[in-house]
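On a predicted model such as this, the values are computed, not experimentally measured, just so you know.
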Amino acid sequence: MDRRWLIVVVLLLPITLFAQDFPYQQEYNTIPVEIDGWQPFQPWSFGLSESIPEFCDIDADGDFDAFVGVFWGTITFFQNTGTNQMPIFSLITSQYAGIDIHAQPWYGRPGPSFGDLDADNDYDLVFGDGNGYVHYYRNDGTAQEANFVRVTDLLLDTTYWCCHAKLVDLDADGDLDIIGGNNATVSYFQNTGSPQQFNFIPITGQLQNINVGQFANPSVCDIDEDGDYDLFIGERFGHIRYYRNDGTPQQYSFTLVSSNWLGIDVGDFSAPEFCDIDGDGDYDLFVGREPNLGDPTHGDVFFYENVGTAQNPSFQFITTNYLTADVGNNNIEQYLDIDADGDLDLLVGCGSHLQLYRNTGNAQNPAFSLEDTAFAGIDLIDIQPFFCDIDNDGDYDLFAGTTAIPGPPGMRLYLNQGTPQHPHFVLYSGNFVPGDYWVIITPTLADIDGDGDLDLFITDHQGHYFYYENTGTPQWPTFQFVTNNWQSLGGGAQLHRFLHFYDIDQDGDLDLFFFNNWNESGGDNLRYYRNQGTAQNPQMILVTPTYLPFEVITAYPWFCDIDSDSLTDLFVSDGYGGIMFFHGVDTTGVAPFNPHSIPKDISLSLFPNPTNAGAVVRFTLPGAGLVRVELFDVEGRLLTGACHAPLQESWFPAGTHDLRLDAKDLPSGVYLIRLDAGQQRVTGKVVILK
């Protein structure tokens, strides 16, 4: 795999340090997420792909902090701001000590291991890489304030590789030795130096003839409280092997007890770590992992609590998502009110199913809980969902792209035959929009020509932008193929990318965001195109290829006002199961137009307000009908004339619509906009300043 796919540079500093014009603050735990009865400490984070956990009291405050080495070559640091009995983890940085082994001529995932290698009473750091090097970072700070300095990169032995280094005094002589996993076996490097000055000598590249098949990841723990270290090894297929030490603290003798200890299967690349996280005097178990290929199961670090004793442990499974809310690799998330209760729920397409995270809070204080991992009973390979009301009946329907190799894949349409409160999706067509697509397709719908119905965009794995104009009606679409390189945005890129339309500048037309891959300028990021045309005739002009302040793998964006504060929020999935939340802090005061929402009540808003030459009159309708919009002066006199067009009486479908008030010939003053729809009437005020 090309390493350029793997690089993610994410320094979790205050967002204002990245770009002054990025109007969001990244937040990690302000919206609770519950998964199978557990609330991860920092749910809105990037996915911890191929995680290797390590716990260490790095700030000497009496509790364990968490470190996680990950696939893209960095170490994520979660500080424990709670206690040794009740931990509370806060995400501090995803690039601890500036470590990024993919920025060097190395590869692999850094499994951190801490120990005092120079006897100065603070923790130093080592980790291995895929080339067999062990990297040593000395702590030149203090026990309370660590300051790691890269000292050396040791190729301990060209025969006995050490891809996953672990510090442990295996021979009980008072200094730290290294055991290391490589492809299938465990190496042992004895420290023949002293606690102040190490000198590692290779003893064996296959400790006691142990061979776990692939990707040995060792950990040690005195699990039976007999005074010596027992050995646990994670492996390629998600299991853990347990070797009991039947020797002595000075001379190990490992005996295989179980090749699938506790029946644990975390998917792939299991990485065990032991820590008394709740301060009850026994070891608890954490297991890093990666989902199997095509496996949609969620999880970053599995947690098993020891409910037994130090001498007789008994492990109880607690959660797959101890630190973050990992919803599954290559996820596509959408936020919509799927149960018509007035708040936004979270729907995730991942693997072959849809996951439903119900909003158990409310519109102002959202809280998500995983309710269904196979929502609507739909089962499609690599499902790529998009929800919208395609038949204008007031509930959400579903377009679903999928994978077909060699192809072409088909576009499925599921119509909602239930109600807005209780959806029931029924397959209408398994190939609703036939076309010459490649490998995998993702649909996006938006009214890009301002004619009141939703048009269709499809991207595939060759970077095409298929545009189908809806030449039908709001009640029933007829899609007519127009081009496979809409607005010349494709550029021949050989990569699947995601589109999202949103009126981010609130000028009454839809702007465009899409994921930008590494072989274009800007790296792995979001490209932002502003629509400098009109709602009827869009003209997308590139504003920036790096809308986000950092790179992210396979970004899928979604804009919405998640907490009803009239500010636009942004969610971005990262391809490795994580979803990042960017809370709007400097977006304008009127929530931008969401072309996919289904309003519950009639509403009216105007912006900008006050205005000089004109304003957008935005209104929402819960159902289709005749709408009359009129302008009055402050004395209540009806104003007519061409200068006020297109205020009008006309039929509109359900949804959100924009009209434009032309005020260039109106004097300064206060004016009233009145909207009548059926038996409902709303009135808004606009101030004109010349």
Side-chain angles (χ1 to χ4, degrees), residues 1 3-12 28 40-56 58 65-79 89-104 106-114 125-130 135 137 148 163-166 181 215 217 219 234 236 238 266-273 286-292 297-303 320-331 524 550-555 572-580:
M1 178 179 291
R3 63 178 292 274
R4 290 175 294 182
W5 284 86
L6 312 179
I7 299 173
V8 177
V9 181
V10 187
L11 295 177
L12 299 178
Y28 309 103
F41 295 98
Q42 304 281 271
W44 303 101
S45 180
F46 36 84
L48 300 177
S49 180
E50 293 190 22
S51 57
I52 303 180
E54 168 85 353
F55 290 84
C56 167
I58 198 63
D65 307 294
F67 299 82
V68 184
V70 291
F71 178 56
W72 49 83
T74 60
I75 297 172
T76 302
F77 170 41
F78 298 84
Q79 185 179 25
F89 290 101
S90 298
L91 197 157
I92 304 301
T93 177
S94 67
Q95 195 170 351
Y96 187 67
I99 293 168
D100 181 1
I101 68 173
H102 289 151
Q104 305 294 333
W106 313 311
Y107 71 97
R109 46 184 180 149
S113 184
F114 293 90
L125 168 64
V126 301
F127 58 88
D129 71 25
H135 306 277
Y137 283 68
F148 288 101
C163 300
H164 303 294
K166 197 77 172 179
F215 292 94
N217 202 323
S219 183
R236 168 66 173 82
V266 297
D268 279 345
F269 303 108
S270 55
E273 166 69 1
F286 298 86
V287 187
R289 54 94 65 160
E290 179 74 359
N292 292 317
T297 58
H298 46 259
D300 59 352
V301 175
F302 283 40
F303 172 45
T320 61
N321 290 262
Y322 185 71
L323 294 168
T324 68
D326 187 314
V327 300
N329 283 4
N330 298 316
N331 64 84
D524 298 331
F550 48 75
E551 294 186 18
V552 61
I553 296 295
T554 319
V572 180
S573 63
D574 71 352
Y576 287 131
I579 300 177
M580 290 169 284

Quick one: list whatever passes ring-ring contact (aromatic ring centres under 6.0 Å, His included) with [X], sequence neighbours left out.
X    : result
F114 : F67
F302 : none
F215 : F269

Is the shortest heavy-atom distance from the side chain of [X] to the side chain of [Y] under 4.5 Å?
X    : Y    : result
L323 : F286 : no
F41  : F78  : no
Y576 : L48  : no
F46  : F550 : no
V572 : D574 : no

Closest non-hydrogen atom pair between [X] and [Y], with its separation:
X    : Y    : result
S219 : P272 : CB-O, 3.2 Å
V70  : P110 : O-CD, 3.5 Å
A97  : Y137 : O-CE2, 4.5 Å
E50  : E290 : N-OE1, 2.7 Å
Q95  : I99  : CG-O, 3.2 Å

Check this for me, if you would: do R289 and D268 make a salt bridge, where the nitrogen-to-carboxylate-oxygen distance has to be below 4.0 angstrom? no
So, using side-chain hydrogen bond (donor to acceptor under 3.5 Å, both in side chains) as the criterion, who are the partners of [X] when residues are at least two apart?
X    : answer
D300 : T324
S51  : none
Q42  : none
S113 : none

Under the side chain to side chain contact (heavy atoms under 4.5 Å, CB included) rule, collect the residues that match up with N330, sequence neighbours excluded. none
Just jot down the side chain to side chain contact (heavy atoms under 4.5 Å, CB included) partners of A271, sequence neighbours excluded, or say none. I52, P53, N217
With rounding to the nearest 0.5 angstrom, report the CD1 to CG distance, I92 to D65. 9.0 Å
Check whether the ring centres of F77 and Y96 lie less than 6.0 Å apart, and answer yes or no. yes
Are the ring centres of Y322 and F303 closer than 6.0 Å? yes
Under the salt bridge (charged side-chain N to carboxylate O under 4.0 Å, His left out) rule, what pairs show up with a residue in residues 66-77, not counting sequence neighbours? none
Using modelled atom types only, decide if a donor and an acceptor are shared between the side chain of N321 and the backbone of D326 within a distance under 3.5 Å. yes
Do side-chain atoms of S573 reach the backbone of N331 as a donor and acceptor pair under 3.5 angstrom? yes
Of H135, R109, H164, which meets side chain to side chain donor-acceptor pair (under 3.5 Å) against D129? H135
